[in-house]
Amino acid sequence: MILILFSFLIIFLFIFYFLRRGFSILEALGLSAIILLGVSGIVPFIGNEFFNISYIYSSIEIFTVVFAISSISMLFLRHNNRKKINYKISKIDFLMLVLVSFILIRGFLLPMRGWDAFSLYDSRALMFLSGTKLSDMIAFSKYDEFNQLYYFSYPPMTSVLHTVLYSGGPTNTMIIYAIFYSVFIIFAYLFIRGMKINGILKFFLFVISVLNPLIFMHTKLAYTNLPTLTFQFVSLYYLIKYGKSYKGLYLLISALFLGFSNWTRSLEPLFISFFIAFAFLILKRKNSLIDKVIEGAKYLFVSMATWLIWSLYIRFTIGGLGDTSPSLLEMISKISSSLLLSNLLDVVFFVYSALSRIGLYILMTLFIFLFVWLRTKKSIKTEEKIVMIIIFTTEALMIGGTLYFSKTFSWWNQIPDSFLRSNLIMIPLTGILSGYFLEDLKTRK
Amino acid sequence: MRMYNKFLNLSEKSKNSLFWLGFILSNLMSLFLVFRSSPFMISMGVIRRVFVGSSRLLIPMVYVFFLLVVISFSKRLAADKNIKTKLIALLVAVLALVVIFSLFYFNYQDLIHYSNYSFSRYYIFLPSLKFYANFQVLMLVVGFVSYWIFSFNKWKKVLTINNISFLIVVSLLPLIIFNILVGIPSELKDELYIFRTFVLKNNRQIPDFQSLRDELDFITSNTPPTATIIHPTQSNEFPIIGNQPLIRHGLFPRTLISAKYATDFLLQINNQTDIYYMLSVSYDPTTRIQTIFPNYQVNTSEILILYFDGSVRRVDKPLYVPELVNNLGQFDIGLIKLK
């Protein structure tokens with residue numbers, strides 16, 4: 001555990017003192033915490049699965065990797081002296097730190113909950129710790145009537161995080177989700193802090209994007225939805241930062257977090273919406289075509305590396321997951337056959353009733369889309385466009401996915417809660433979008 | 001839009017009557033919906049059914065109409081200093097607050113008694129009351145925001161795209177926050193429950209599965225890690241102990257066999273000891289059907305029974321028969337060691 005804390009310190013010092021991008025203390029803290037979580041969820045798994053290193057040594061592995069990467073990049077990167085270190089902490093920053101520490105203390109105390117947490121994520125963690133590899137878990141399907149290849153249904157991010165935590169002795173796992181939630185609220189705060197709107201509105205936006213019970217509930221459940229949401233949210237933050245300055249570092253960070261999110265949940269292909277937003281950004285930039293292609297390749301490579309590792313791993317261990325990872329052709333044929341009116345009505349009704357608990361958010365988003373369309377004469381900001389692209393493609397993917405599911409599984413309409421959980425990112429995205437929209441209304445009347 | 005801008009310049013008297021029309025209509029209709037199952041409404045018969053059926057369309061229309069009236073009213077409120085207008089505004093606001101607080105009150109009543117308490121006791125249909133309260137919040141916010149804008153004389157025309165979009169987005173924000181606030185008491189209840197029963201008492205039980213931890217601890221302490229355990233098939237009767245991945249969380253590294261594969265497995269092995277059956281009874285109170293696992297005879301060397309108070313009883317019988325369960329009383333779970 002001490003080594004993990006040291007790794008955290010190294011990442012923090014590296015970001016805060018060496019990179020010197022004018023990161024505030026809050027941003028540097030959040031960024032280092034989430035980078036550490038992402039690295040800890042990948043490195044020990046690869047070490048165990050491909051190099052036979054036991055999970056007991058995972059903290060040493062993580063420390064070595066963090067130390068090596070930061071010292072190598074220190075050697076090759078020039079020290080950035082021009083920017084001053086930003087030591088300032090405003091009163092509200094301080095309040096945020098107090099809030100975060102409350103959440104972390106609470107996380108240390110809470111017991112673990114959630115059905116899938118016990119049967120899948122934490123089960124895998126316990127087995128990892130006792131020396132069972134993921135590839136050994138195929139054997140468990142032999143005498144199980146249901147749940148065929150159940151242990152392969154999700155990538156191992158949160159399981160490995162649990163294992164790393166257990167490797168230092170028995171600990172309460174909910175602290176992981178408390179850290180994820182803390183990072184999420186820090187970045188929501190950073191998003192909203194930069195907007196040029198009234199302070200009360202900022203407070204309202206913060207509350208609606210962060211304190212919704214549907215998201216807060218996930219600090220009590222050991223599910224993968226909150227980690228995925230946090231990774232994607234941070235990725236979006238740096239994608240938008242990249243859109244403002246076109247600095248390679250932000251692109252790298254954004255791609256990295258998208259990669260981490262693919263390592264947490266691979267069921268919803270939300271990375272596609274990030275790719276479209278990113279494609280929009282590089283097409284807008286005035287540079288040569290070759291540069292565009294290189295940038296695009298970098299982004300694709302870093303963010304899809306984890307996805308590639310996972311799908312190759314699945315292919316070589318169990319040969320495929322069946323109907324949840326179909327080929328493109330099969331998907332198109334099934335979706336087109338699902339467009340019958342009766343089926344379509346079923347799907348629309350399912351989506352409507354599943355999303356009714358975030359209905360007001362959806363309504364708000366729809367209104368903003370409508371108003372942006374009605375005010376076409378006025379150009380809107382790039383940030384707003386990116387968020388709109390992501391919301392639009394995400395919902396299109398979700399509905400397309402439901403159409404596919406409706407023709408593939410008989411139980412497709414029995415999982416409205418699960419569908420709602422997959423749509424959680426709509427909550428903070430609505431907050432951010434309305435912030436940008438209000439800013440637009442204020443500055444360009 | 002021009003029509004509405006014209007409407008803002010209507011005569012005082014007709015505006016007044018429109019205001020009261022909107023106010024009375026929206027409140028009466030919502031009250032009828034909230035008390036849709038009260039004896040009075042039931043006695044209305046067909047009229048009630050037609051009204052409740054058509055309200056899905058009628059209510060939003062009436063609400064939008066009243067919101068437009070409220071905007072014009074706040075313009076008047078901002079412009080003239082007449083005490084009567086202010087009193088009316090105060091009255092409407094107080095009524096709205098009463099509705100909003102009654103939602104909180106009845107929500108709380110449901111929480112501390114049982115869900116559906118306010119419906120069975122006061123005939124209050126909570127979803128309708130929630131919708132009604134939501135509308136009151138929306139009305140208050142729209143009224144307040146437009147009053148604030150008019151008193152600074154910012155808008156010359158009311159219905160331009162910019163103004164409408166600003167008004168709608170800014171009014172939806174408090175509405176969402178209001179709905180978050182409505183959910184807070186139940187969150188708090190859950191939080192208190194978790195802290196009281198688990199965190200403060202250092203309780204090792206798993207919150208979502210009442211006695212699962214006891215059952216799994218009982219099995220692990222009475223079987224070696226190399227044991228094989230045959231458990232019932234995953235079904236409505238045995239949703240938890242039939243779920244192999246779920247019980248593996250506590251039983252790993254023991255080998256787990258789903259009941260369907262038990263015979264296959266027993267035929268394949270030779271000379272393996274330490275094979276156990278989970279003994280479990282599921283009782284459905286509605287159909288009064290008792291399901292016993294295993295529901296066939298098993299040659300056994302010992303049977304261990306865990307009771308709900310934590311005591312363990314040992315039954316020495318060479319043969320297990322399902323009827324044995326009836327002599328054991330209410331028990332949590334059992335283990336049958338195969339001979």
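First the proteins, then the strands, lettered A, B, ... as listed; each starts at 1.
Checked by atom type, the side-chain pair A/T219/A/R106 shows a donor-acceptor distance below 3.5 Å. In summary, the side chains of A/Y223 and A/T158 do not present any donor paired with an acceptor at a separation below 3.5 Å, with no hydrogens or angles considered.
Ring centers of A/F367 and A/F371: under 6.0 Å apart, within the cut-off.
Ranked by heavy-atom pairs under 4.5 Å with chain B, the first of A/G114, A/S119, A/P111, A/P213 is A/S119. Between chain A and the residues B/N134, B/I194, B/L200, B/I240, the most heavy-atom pairs under 4.5 angstrom are made by B/I194. In terms of heavy-atom pairs under 4.5 angstrom with chain A, the leader among B/I184, B/L256, B/T233 is B/T233. Heavy-atom pairs under 4.5 Å with chain B peak, among A/L110, A/L205, A/I208, at A/I208. Looking only at heavy-atom pairs under 4.5 Å with chain A, the residue among B/I247, B/L172, B/L175 that has the most is B/L172.
Both the backbone and the side chain of A/K142 come within less than 4.5 Å of a heavy atom in chain B. Only the side chain of A/Y150 comes within less than 4.5 Å of a heavy atom of chain B; its backbone N, CA, C and O stay farther away. For B/I257, the parts lying under 4.5 angstrom from a heavy atom of chain A are both the backbone and the side chain. B/D264 does not touch chain A: none of its heavy atoms, backbone or side chain, sits under 4.5 Å away. Of the atoms belonging to B/I230, not a single heavy atom falls under 4.5 Å from chain A. B/I168 touches chain A through its side chain: at least one heavy atom from C-beta onward sits under 4.5 Å away, while N, CA, C and O do not. For chain B, the nearby part of A/L438 is the side chain; its heavy atoms alone come within less than 4.5 Å. Only the side chain of A/Y151 comes within contact range of chain B, judged by heavy atoms closer than 4.5 Å. Looking at A/I358, neither its backbone nor its side chain comes within 4.5 Å of chain B, counting heavy atoms on both sides. Neither the backbone nor the side chain of A/T430 comes within contact range of chain B; no heavy atom of the residue lies under 4.5 Å from a heavy atom of that chain.
Other residues, nucleotides and ligands place more than 12 heavy atoms under 6.0 Å from the CZ atom of B/F104. For B/L192, the CG atom counts as densely surrounded, since its 6.0 Å shell holds more than 12 non-hydrogen atoms of other residues, nucleotides or ligands. At most 12 heavy atoms of other shown residues, nucleotides or ligands fall within 6.0 angstrom of atom CZ in A/F349. Surrounding NZ of A/K133 are more than 12 heavy atoms belonging to other residues, nucleotides or ligands, all under 6.0 Å away.
No salt bridge links B/R248 with A/D144; every basic N to acidic carboxylate O contact stays at or beyond 4.0 Å. The pair A/E439-A/K202 does not meet the salt-bridge criterion, since no charged nitrogen lies less than 4.0 angstrom from a carboxylate oxygen.
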